[in-house]
Protein chains: 2
Amino acid sequence: MARPRIKDVARHAGVSEKTVSNVINDYAHVSDRTRQVVREAIEHLGYRVNLAGRHLRRGRTGIIALVVPELDIPYFAELARHVVRAAEERSLTVLIHQSGADRAHELAALAGFGSTFVDGIILSPLALTADDLRDRAGFPPTVLLGELLEEGADHVAIDNEGAAREATRHLIGLGRRTILAVGGRDDAGLGTAQARTRGYRAALSEAGIAYDPAALLPVGSFRMPDGAQAVARALAAGARPDALLCLNDQLALGALRALHEHGVKVPEDVAVIGFDDVEGGRFSVPTLSTVAPDKAAVARVAVQLLQHRIEEATAPDGAESEAQAPQDLVVDHRLVLRESTEGSGRH
Amino acid sequence: MARPRIKDVARHAGVSEKTVSNVINDYAHVSDRTRQVVREAIEHLGYRVNLAGRHLRRGRTGIIALVVPELDIPYFAELARHVVRAAEERSLTVLIHQSGADRAHELAALAGFGSTFVDGIILSPLALTADDLRDRAGFPPTVLLGELLEEGADHVAIDNEGAAREATRHLIGLGRRTILAVGGRDDAGLGTAQARTRGYRAALSEAGIAYDPAALLPVGSFRMPDGAQAVARALAAGARPDALLCLNDQLALGALRALHEHGVKVPEDVAVIGFDDVEGGRFSVPTLSTVAPDKAAVARVAVQLLQHRIEEATAPDGAESEAQAPQDLVVDHRLVLRESTEGSGRH
DNA sequence: CAGCCCATGTACATCGATGTAAAAACTAGC
DNA sequence: GCTAGTTTTTACATCGATGTACATGGGCTG
């Protein structure tokens with residue numbers, strides 16, 4: 001009653017194991033009659049290939065890992081959905097791994113279990129540093145999502161700096177002058193937050209608005225409670241912004257709540273804009289303006305690039321030196337305007 | 001430069017392959033000196049075990065699959081997070097699979113790739129029927145989340161009927177009498193929606209309120225747009241409810257939006273309550289009352305039960321008949337009251 | 001009808017790690 | 001110093017599928 005093996009199918013069909021294997025893998029030179037007999041035996045016994053054996057023999061699993069900081073941050077969940085879909089189209093299965101925004105976990109995913117098990121990794125790093133990524137020997141092919149952490153790594157992202165600049169310009173165009181950046185950071189890091197902050201500063205500078213480092217509201221993580229807390233604290237400290245550039249939609253949704261609790265009207269008193277275009281922002285009160293990355297494209301491009309790298313890596317050794325230069329792909333985004341930035345100023 | 005094998009480590013350390021394997025697997029009878037030498041060789045060569053080989057030999061992967069309808073429904077994302085965490089504590093890796101609420105996909109996950117690859121499956125079925133689950137021969141051990149679809153399958157859930165009864169009672173206690181059930185279904189199905197609808201009807205009946213089948217607002221799926229649309233349509237059709245029991249928080253958040261757009265005040269005119277306690281409901285305007293399942297417990301219990309079943313299934317055949325009866329585990333929930341049901345009626 | 005060719009099918013080795021069984025190396029006891 | 005009893009280590013077979021290299025047989029040509 002144990003699960004049948006290829007051997008059992010072969011015996012049942014009266015052919016060799018290899019012939020069964022040939023049928024399974026659509027090898028060309030199998031007569032129709034043999035194919036038929038084997039198919040029936042497979043059907044009859046309920047045979048299904050054992051991936052352990054195939055993996056051992058072939059050296060590939062057809063599985064790629066997607067490593068994200070937290071699945072319950074909607075942006076990552078939505079991204080995961082797209083990645084799963086894009087992978088499916090290429091006959092790849094996705095193993096989703098949650099790093100907890102923790103450097104050790106991210107490293108473990110890269111170097112540990114994953115490397116011997118998955119053909120490649122799509123990594124959305126939050127805590128990793130460029131140094132961690134430098135020594136990629138022994139890692140499987142990897143594509144990074146988000147800002148470029150390390151020259152020499154493939155990565156896919158939107159133009160974060162440009163997007164933040166556009167969003168900030170839009171706020172300025174509405175007549176807003178005191179714009180806080182929730183989640184902003186102007187340290188030297190290479191992350192997404194820093195890129196968006198650069199765009200924010202660039203827009204201020206273009207418009208001749210003085211930059212005040214206190215306008216960057218630091219957050220512990222990029223979730224609603226952090227956004228609410230940061231804004232509540234700023235208001236309590238006497239800040240009187242007329243706009244908020246929130247570095248993601250979760251922060252923005254938390255900010256909307258905090259503003260509501262303080263009796264501040266959005267967009268009349270304060271305009272709010274976020275990043276990511278998550279579903280929650282399309283139904284919040286008020287609905288949330290946001291920078292919408294083309295998530296489907298991010299996923300599609302990342303999977304495609306990764307598959308390419310995997311094939312490259314498994315190619316006959318002769319072509320080993322053919323490895324292409326790391327790619328640095330930029331995906332479209334657009335500004336989606338909703339109620340939280342409606343109208344053209346106070347009235 | 002290829003990845004080192006156990007053979008290479010053995011040669012380097014001057015011992016047999018099996019000894020290296022013994023060291024890797026913490027086999028007891030290895031002298032300290034040998035262990036030391038082998039460890040150094042492993043370190044030196046950067047060896048890491050190849051899971052394909054191990055899997056083939058051991059017959060287990062240490063991987064379990066979590067199959068959910070849609071990852072970007074926050075409840076499932078939050079659940080996934082807890083499952084990943086619970087699995088980690090038991091040295092299991094989770095492969096997350098998205099079924100798209102599609103029967104074919106759910107079946108494929110059960111019968112297809114998964115079964116030869118993962119040790120077990122945690123499945124949150126939406127579209128599967130009891131029939132699909134009946135013939136589980138050949139499936140790996142499986143634990144279902146949500147309502148019991150099929151006698152004889154392990155499953156973990158909250159008391160959906162009881163929870164819906166409590167929630168509805170609470171609305172009635174607020175003096176509400178015209179309560180719509182968004183997403184409700186009173187067909188004979190065994191799903192979660194039907195169980196919650198039964199609870200809703202039970203509470204109405206207790207209070208002597210007549211049940212009107214038109215109070216069940218059907219939805220295409222359990223997401224915000226569906227909730228918004230269903231409520232908008234009902235209002236347009238002349239419904240004048242004073243409360244909504246939404247079968248999950250996404251529907252409720254969509255409903256809040258629709259009510260807002262129609263100028264209906266929550267909770268003054270209409271009280272709203274949802275299910276799942278997702279983060280979005282803690283920051284919405286108004287904040288959302290909800291039935292909060294103990295998600296961490298659901299995950300913990302499901303993983304534990306699954307691991308138990310896996311061990312049972314891999315046990316020496318002698319004990320094969322020992323398989324325990326299917327378990328039917330109920331996890332705690334509680335009613336969390338927030339702004340959307342505040343106060344005691346109209347004023 | 002002999003001779004070739006090619007489409008089909010087969011035997012065997014192999015991927016990497018680990019269980020089994022037995023050999024080798026120790027230890028202790030007399 | 002030798003034996004019995006343990007520890008430690010090893011050689012070998014094995015898990016399941018598939019690539020390689022070769023055998024087979026039917027069909028076609030001349």
Side-chain angles (χ1 to χ4, degrees), chain A residues 2-39 41-42 45-62 113 115-119 138 140 314-317, chain B residues 2-39 41-42 45-62 113 115-119 138 140 314-317:
Chain A
R3 166 184 281 266
R5 307 303 168 190
I6 219 171
K7 165 168 44 167
D8 305 311
V9 176
R11 189 166 32 225
H12 192 91
V15 300
S16 77
E17 304 179 19
K18 186 65 213 308
T19 298
V20 175
S21 169
N22 285 339
V23 170
I24 294 169
N25 294 285
D26 282 326
Y27 178 70
H29 300 301
V30 179
S31 68
D32 288 344
R33 223 177 52 76
T34 307
R35 191 182 304 272
Q36 180 67 14
V37 171
V38 171
R39 288 247 168 84
I42 288 177
L45 297 174
Y47 169 80
R48 266 171 289 127
V49 351
N50 176 313
L51 288 179
R54 172 179 284 179
H55 176 194
L56 181 57
R57 186 66 240 222
R58 290 227 248 245
R60 288 217 221 152
T61 55
F113 90 96
S115 62
T116 121
F117 197 93
V118 300
D119 294 344
T314 328
D317 309 68
Chain B
R3 166 184 279 266
R5 305 303 168 190
I6 219 172
K7 163 166 49 166
D8 305 310
V9 177
R11 189 167 33 226
H12 192 90
V15 301
S16 76
E17 303 179 21
K18 187 67 215 306
T19 298
V20 175
S21 168
N22 285 338
V23 170
I24 293 169
N25 294 287
D26 282 325
Y27 178 69
H29 300 300
V30 178
S31 68
D32 288 345
R33 223 176 52 76
T34 307
R35 189 183 305 274
Q36 178 68 15
V37 172
V38 171
R39 289 248 168 81
I42 288 177
L45 297 174
Y47 169 80
R48 266 170 291 127
V49 4
N50 176 311
L51 288 178
R54 171 177 286 179
H55 177 193
L56 182 57
R57 185 67 239 221
R58 292 227 249 243
R60 286 217 223 154
T61 55
F113 90 97
S115 62
T116 124
F117 197 92
V118 301
D119 294 344
T314 328
D317 308 68

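Lettering follows sequence order; numbering is per chain, from 1.
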First encountered from the 5' end of DNA chain D, between B:G53 and B:S16: B:S16
N/O donor-acceptor pair under 3.5 Å between A:N50 side chain and A:A52 backbone: yes
DNA chain D: first to last nucleotide in contact with chain A (atom under 4.0 angstrom from a heavy atom), 5' to 3', is D:dG16 to D:dT20
DNA chain D: 5'-proximal contact among B:R58 and B:V30 (nearest heavy atom): B:V30
Testing the basics here: between B:D119 and B:P140, what is the closest heavy-atom pair and its distance to 0.1 Å? O-CB, 3.8 Å
Closer than 4.0 Å, any side-chain N/O of A:S31 to the OP1 or OP2 of C:dA7? no
So which one's nearest nucleotide on DNA chain C is more toward 5', B:K18 or B:L56? B:L56
Candidate list B:R11, B:H12, B:R5, test side-chain hydrogen bond (donor to acceptor under 3.5 Å, both in side chains), partner B:D8, passing option: B:R11
Between B:V23, B:L45, B:V15, which is the residue that forms a side-chain contact (heavy atoms from CB on, under 4.5 Å) with B:V9? B:L45
Under 4.0 Å, heavy atoms only, any strand: does A:T19 hit a base, just the sugar-phosphate, or nothing? base
Which part of the nucleic acid, if any, lies within reach of B:V20 when heavy atoms closer than 4.0 Å are counted: base, sugar-phosphate only, or nothing? nothing
Here the pair of heavy atoms bringing A:A13 nearest to A:A41 is CB-CB, 3.8 Å
Return the minimal non-hydrogen interatomic distance between A:I6 and A:Y47, and the atom names on each side. N-CE1, 3.5 Å
Over all strands shown, is A:R57 touching base, sugar-phosphate only, or nothing at heavy-atom distances under 4.0 angstrom? base
Looking for any heavy atom pair under 4.0 Å, which part of the strands does B:Y47 touch: base, sugar-phosphate only, or nothing? sugar-phosphate
